[in-house]
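This report concerns only the one structure given below.
We name chains A, B, ... by the order of the sequence lines, and we start the count at 1 in each one.
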There are 2 protein chains.
Amino acid sequence: MSAQQIANIELPTQHGASPVLDGAHLQPVSFFPAGTEIYAQGEKAGPLYQVEFGAVRVYRLLADGRRQISAFHMAGETFGFEADAMHHFFAEAINATGVRVLRIAPAADMSRQLLPLALKGMIRAQEHLLVLGRQNALERVAAFLVDMAERQGGLRQVDLPMSRMDIGDYLGLTIETVSRVFTRLKDKGVIRLLGLRSLEILKRDVLQDMGE
Amino acid sequence: MSAQQIANIELPTQHGASPVLDGAHLQPVSFFPAGTEIYAQGEKAGPLYQVEFGAVRVYRLLADGRRQISAFHMAGETFGFEADAMHHFFAEAINATGVRVLRIAPAADMSRQLLPLALKGMIRAQEHLLVLGRQNALERVAAFLVDMAERQGGLRQVDLPMSRMDIGDYLGLTIETVSRVFTRLKDKGVIRLLGLRSLEILKRDVLQDMGE
DNA sequence: CGTGGTGTTGATTACTTTCAAGATGTGTGG
DNA sequence: CCACACATCTTGAAAGTAATCAACACCACG
């Protein structure tokens, strides 16, 4: 666990859903300021983490600094499976983020709860492979926006907690290309930019088709 | 299960390792000729599969036919986690392949055995994301060859059970690009092509560095 | 010994990155 | 509350990489 962790706080869960794991609500919530590390590659893994509020990026680096974000995690989502005795990945708070640290006893009945979560993560990763391997810039951004919209309840307005750099590193694109695609979608009347980190989806069906 | 499945056969495990799952050796082995379907997207999922001999490709398709192979599975490896009540993926035998079908009872103690396998698959998928998102054609092919060599015991000679098309669809490249990179590696003296589906690694360190 | 499928090579095109400059926002301090 | 300053984002032009289109070579098979 990072030294940058500031404080343990206890507060009610922001999302109404019942805890993903039995007893999760009994665990303390840690606060991570924007940009701080939650766990690092090479650290001994063990606990799982549940986002209470804020957003988390999980990524891996090449020797020369190229970065691939494998997943974003929003409120209510569980992460930390990127572990196999040792973490293969870094996890950072994107914004001010509250994380419930779940120190799981590796009991058999716990595994039964963990398996569906792990499988969901694997299926997400493999779907992401299709995006990175076979879709162009426009399709990647469209798929990303549809995904973000769905994870925020399917509303027209979508909040992007992350920077263009993060989006680029998630989609395997540069920030310039991401920016150009946003402009293109805006010019086509598919989206409307409300702010840098907020937009409105005007033609969901078109966006959906783009992302296949 | 596909109608193309020809016969159930019983034969000793080709790889010496102990069964990945308790009682796996008690399950029957099915034979799939080259190119036949093991499971399809949309099929109800349930069993896991263990490759006895041959090789399997797991992939997903876009509406227009673009294909992304998310994983190859060789003798001794377990697959079929791409399931969440429904399969999200297709699985096909690449060559004549024997597959042990493991009809798992979803008991708690089974989950404990399954979790590590599922996690390994997820970590593999997320490492593959880095390759597809952030590496160029040369780096992708190099990483692929190093991976294949390692999975075949680290020998100098590597057998590729799959076609250039399969390799391309795994690495997010066209067959032409894959072919050109092979030629480039050959001209550099990094590899030697023994046949279309067989090569020798002459400079492992160079290859390793290329794949980062 | 054809013949079809696979693989290689070449020329051109298309897309994304890179490099560069300017615009827009955000946060801070006055 | 406004102004400044830094970071982030957008836009443009040039370069680079991989895709596409096309032709040919090579096997493997019947």
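Regarding A:L173, its CG atom lies at a distance of 16 Å from the C1' atom of D:dT10, rounded to whole Å. Rounded to an integer number of Å, the gap from CD of A:Q135 to C1' of D:dA18 is 17 Å. Summarising the geometry, the separation between CD on B:E176 and P on C:dT12 is reported as 16 Å, rounded to the nearest angstrom. In this structure, the CD1 atom of B:I175 is 9 Å from the P atom of C:dT8, given to the nearest Å. Rounding to whole angstrom units, NZ of residue B:K186 and C1' of D:dC26 are separated by 13 Å. Rounded to a whole Å, the CG atom of B:L185 is 17 Å from the P atom of C:dG7. The CZ-P distance, from B:R197 to D:dC26, rounds to 18 Å in whole Å. Rounded to an integer number of Å, the gap from CZ of B:R134 to C1' of C:dT16 is 11 Å.
Evaluation of the salt bridge (charged side-chain N to carboxylate O under 4.0 Å, His left out) rule for B:R57 yields B:E92, B:D166 as partners, not counting sequence neighbours.
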Donor-acceptor pairs are to be reported for all side-chain atoms of residues 187-196 of chain B against protein atoms at under 3.5 Å, with residues two or more places apart or in another chain.
unit_1, atom_1, unit_2, atom_2, d
B:R192, NE, B:E200, OE1, 3.3
B:R192, NH2, B:E200, OE1, 2.8

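In the set D:dA18, C:dT16, D:dA22, the nucleotide with an atom closest to the side chain of A:N136 is C:dT16.
A salt bridge is defined here as a Lys NZ or Arg NE, NH1 or NH2 lying under 4.0 Å from an Asp or Glu carboxylate O, and B:R151 with B:E77 meets this definition. Salt bridge status for A:R124 with A:D147: present, with a side-chain N to carboxylate O gap under 4.0 Å.
Distances shown here put every side-chain N or O of A:S179 at or beyond 4.0 Å from the OP1 or OP2 atom of D:dT11. Note on B:T177: a side-chain N or O is less than 4.0 Å away from OP1 or OP2 of D:dA19. Listed pair B:T174 / D:dT20 fails the phosphate criterion, with no side-chain N or O lying under 4.0 Å from OP1 or OP2.
At the heavy-atom level, A:G172 lies under 4.0 Å from the strands shown only through sugar-phosphate atoms. Within 4.0 Å (heavy atoms only), A:S163 reaches sugar-phosphate atoms of the nucleic acid but no base atom.
For the pair B:R67 and B:F90, the NZ or CZ position fails the cation-pi test of under 6.0 Å to the six-membered ring centre and within 45 degrees of the ring normal.
Take the nearest nucleotide of DNA chain C for B:T183 and for A:G195: the residue whose nucleotide is more 5' is B:T183. Across the interface with DNA chain D, nearest-nucleotide mapping of B:L138 and A:R164 shows A:R164 to be the residue nearer the 5′ end.
A donor-acceptor contact under 3.5 angstrom links the side-chain atoms of B:R180 to the base of C:dG10.
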